[in-house]
2 protein chains.
Amino acid sequence: MEKTRPSPRRDESLSRERIVDAAIALLDAGGADGLTFRALAERLATGAGAIYYHVANKSDLLTAACDSVIAHTLAECAVDGSPAAQIRDIALGLFDAIDAHAWVGSALAGAPGELPGVRILERIGRQVDALGVPHGGQWAAVCALVNYIMGVAGQNAANSQIARTHAYDRASLLDAMATRWSQLDAQQFSFTRSVADQLRDHDDRADYLTGLDLILQGMETLYAHPGQKD
Amino acid sequence: MEKTRPSPRRDESLSRERIVDAAIALLDAGGADGLTFRALAERLATGAGAIYYHVANKSDLLTAACDSVIAHTLAECAVDGSPAAQIRDIALGLFDAIDAHAWVGSALAGAPGELPGVRILERIGRQVDALGVPHGGQWAAVCALVNYIMGVAGQNAANSQIARTHAYDRASLLDAMATRWSQLDAQQFSFTRSVADQLRDHDDRADYLTGLDLILQGMETLYAHPGQKD
DNA sequence: GTTGTTGTGGAACGTTGTTCCATGCGTATT
DNA sequence: AATACGCATGGAACAACGTTCCACAACAAC
């Protein structure tokens, strides 16, 4: 039986929601390392112990913050259009959300099977079903899409983590990486050197979409389905 | 000018290689949290300060340990067969390596653009080129493959991290997750519930390969190339 | 033997997540 | 109205971590 909250002592009393909101603010401002129980306590004008009454531990808090962002992101994705178009819309929405809140990437990667990840699985799974993929192949197909998205998310998270700790911007980070790549051994790393230049001014978002389309195309080809096109 | 090492004081003196090997042993035994400068110092019968003379910091050490595993793994992959077959071989080799040393997954994800990641990029890039993908599409294609592999790696790392801290084995972990999924709201999470059962006894490796083939198939379809089949 | 450099070991510092507990406030009971 | 109870709070304390620092040992060169 749910007991109605016995009217908090103040209107500004502590609550899981207020804690999660403050955590998101700290994470957005300081990256994954910006979330600290001490900073959180200060921002909420309380002690560290009080927070633990509403939140199990840091991992729990991080997952809750992540879930808040994911839920809001998915709520704003289109619910019409062809299945493939919806998948692209969801994937792009997630990309932009993770780009804006890089910590979401690592939080998502660190909490497999938890609510935020499940939300993504659900939304993509429905569209894969609508796409006509046979039941036997749905699990593998959805996993492929989700794993790809998570992989990109992880890379983005790591990149902006590095950018933050080194106080670089994205451009100089990529430039430094491209320079390092082009100094590699010519024989041992011929391919890497050949793409080092493209690294400098490539479009993350566009490449992301291209990769997504590769998977979607593979699904369409392998699970040949009746007619419906993008 | 390279100065020849002035003959170390002992044969069992400290060296970067010995440190990295000890780090790998600790990581294999205790997961990503098992690597500690104190534990490392104890195992090497020295102090923490001495280690810092050979290694810049923990991140540097972790990347070096990761690179050692990746380099050895890639060295054992087949160098014959069709490009697609070689890509599968490389991807499977990486999967097994990360399965055996789960910490490699997170180390790889946390060091984008560093040597271990570049090794993977290079090996896959060459095969994508051999596959007949036009130069303009190679970067995106390779990124798609690598991102997918990294996504799976991250998930595996997170899963075995959880399994370790909760002292679960893989089976009970998946079982607990499946149970949690099947208790979700029937309307809001219909797809997730429909695949919850498949979660219990699915084959990670097989699903991984299926996803990989999805991408390879997409590449074959989109970048239609002359003849060569798997 | 003396000097100088290359490595070494361990103490110390600042920061973190987490635990613990004395205390305050609100509600219910008498 | 006074008391008692329990939810919720704030902050002190603890163990562990990465990292820095420095006194000093081992070897090489002279």
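The chains referred to below are lettered A, B, ... by the order of the sequence lines, with proteins before strands, and numbering in each begins at 1.
Residues of residues 23-41 of chain A that place a heavy atom closer than 4.0 Å to DNA chain D, in numerical order, are A:R38. Within residues 49-62 of chain A, the residues approaching DNA chain D are A:G49, A:A50, A:Y53, A:H54, by heavy-atom distance under 4.0 Å.
Remark: C1' of C:dG10 and CG of B:L14 are 14 Å apart, rounded to the nearest angstrom. Separating the CG atom of B:L44 from the C1' atom of C:dG7 is a distance of 14 Å, rounded to the nearest angstrom.
A:D89 is not listed as a side-chain neighbour of A:Q127, based on a closest heavy-atom distance of 4.5 Å or more. Contact of the B:I90 side chain with the B:I87 side chain is not registered, since no non-hydrogen atoms from C-beta on lie closer than 4.5 Å.
A salt bridge between A:R38 and A:E42 is absent, with no side-chain N of the basic residue lying under 4.0 Å from a carboxylate O of the acidic one. In summary, A:R164 and A:D33 do not engage in a salt bridge, as defined by a charged side-chain N under 4.0 Å from a carboxylate O. A salt bridge links A:D204 and A:R170; the closest N-O separation between the charged side-chain nitrogens and carboxylate oxygens is under 4.0 Å.
Between the side chains of A:D28 and A:W103, at least one donor-acceptor pair of N or O atoms lies under 3.5 Å. A:N147 and B:Q155 are not linked by any side-chain donor-acceptor pair at a separation below 3.5 angstrom, with hydrogens and angles left out of the test.
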Could you check B:Y148 against A:Y148 for ring-ring contact (aromatic ring centres under 6.0 Å, His included), going step by step and ending with a plain yes or no?
-> CA-CA 4 Å; B:Y148 172 71; A:Y148 172 70; 8.0 Å; no
